[in-house]
Colleague: 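Structure in structure tokens, see below.
Both counts, for ligands and for their atoms, begin at 1 and track the order of listing. We number each residue from 1, following the sequence as shown.
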Amino acid sequence: MHKLRCNGCGRELPKGSLKYIVEIRTFADFDGYLEDYGDNVDHDINELLSAMEDMDAKALEEDVVKDFIYILCKRCRDRFADDPLKGGMAAFEGTDVKGRVH
Ligand SMILES: [Zn+2]
């Protein structure tokens with residue numbers, strides 16, 4: 001049977017052991033600013049749509065949103081929680097942060 005291991009350190013996580021799920025969602029932010037397209041809006045939008053048709057659908061989707069799920073032991077969860085980006089500072093902490101960037 002497949003053994004469950006911590007995605008941080010690789011330690012085996014036996015059945016019934018304390019483990020944590022870390023879900024990370026990254027998504028493109030839009031600040032409401034649109035470039036000045038002048039009089040060629042239709043032309044520029046058609047060019048953009050044409051370029052999108054040539055792109056791989058999966059890559060295009062991942063440019064907009066990408067989710068990650070990790071299973072961690074307590075030690076790795078605590079280390080992650082202390083410094084998720086290894087030196088980066090959180091813009092906001094807590095659960096009520098969506099829609100506050102702009
Ligand atoms: Zn671990």
Side-chain angles (χ1 to χ4, degrees):
M1 192 177 136
H2 178 70
K3 290 180 179 172
L4 193 60
R5 294 190 176 279
C6 171
N7 292 134
C9 66
R11 187 167 67 95
E12 187 179 337
L13 297 166
K15 245 185 162 159
S17 65
L18 181 61
K19 53 190 167 294
Y20 295 86
I21 306 295
V22 177
E23 295 181 354
I24 299 174
R25 164 161 282 198
T26 64
F27 53 93
D29 183 35
F30 175 57
D31 62 6
Y33 176 76
L34 294 172
E35 290 180 51
D36 182 7
Y37 284 104
D39 297 330
N40 288 326
V41 176
D42 289 341
H43 175 265
D44 291 342
I45 287 176
N46 285 333
E47 265 190 9
L48 177 62
L49 291 173
S50 294
M52 288 171 66
E53 283 176 10
D54 295 335
M55 292 178 70
D56 175 60
K58 182 81 175 160
L60 194 57
E61 181 183 330
E62 287 185 355
D63 274 354
V64 178
V65 63
K66 189 166 185 176
D67 296 332
F68 305 86
I69 296 176
Y70 300 96
I71 299 170
L72 299 177
C73 68
K74 179 167 179 13
R75 199 188 87 195
C76 287
R77 194 292 304 254
D78 289 348
R79 281 190 0 214
F80 173 79
D82 282 347
D83 191 4
L85 296 180
K86 300 192 185 315
M89 296 293 291
F92 301 99
E93 290 187 11
T95 57
D96 188 28
V97 298
K98 289 182 182 169
R100 292 179 53 187
V101 177
H102 298 287

Colleague: Taking side chain to side chain contact (heavy atoms under 4.5 Å, CB included) as the test, write out the residues that go with Ile69, two or more places apart.
Modeller: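 For Ile69 the side chain to side chain contact (heavy atoms under 4.5 Å, CB included) partners, ignoring immediate neighbours, are Ile21, Glu23.
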Colleague: Between Arg5 and Leu13, what is the shortest heavy-atom contact and its length?
Modeller: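 Closest heavy-atom pair between Arg5 and Leu13: C-CD1, 3.8 Å.
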Colleague: For the Zn ion (ligand 1), which protein N/O/S atoms fall under 2.8 Å? Skip waters.
Modeller: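 Less than 2.8 Å away from the Zn ion (ligand 1) sit Cys6 SG, Cys9 SG, Cys73 SG, Cys76 SG.
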Colleague: Which salt bridge (charged side-chain N to carboxylate O under 4.0 Å, His left out) pairs, counting each pair once, include a residue from residues 63-81, with sequence neighbours left out?
Modeller: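 Residue pairs with at least one partner in residues 63-81: Arg25-Asp67, Glu62-Lys66, Lys74-Asp78.
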Colleague: From Glu53 CD over to Leu48 CG, what is the distance, rounded to the nearest 0.5 angstrom?
Modeller: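 Glu53 CD to Leu48 CG: 10.5 Å, rounded to 0.5 Å.
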Colleague: How would you list, by chain and number, every residue that makes a side chain to side chain contact (heavy atoms under 4.5 Å, CB included) with Asp82, sequence neighbours excluded?
Modeller: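 Side chain to side chain contact (heavy atoms under 4.5 Å, CB included) list for Asp82, sorted by chain: empty.
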Colleague: Answer yes or no: is there a side-chain heavy-atom contact under 4.5 Å between Phe80 and Ile24?
Modeller: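 A side-chain contact exists here, since the closest heavy-atom pair is under 4.5 Å.
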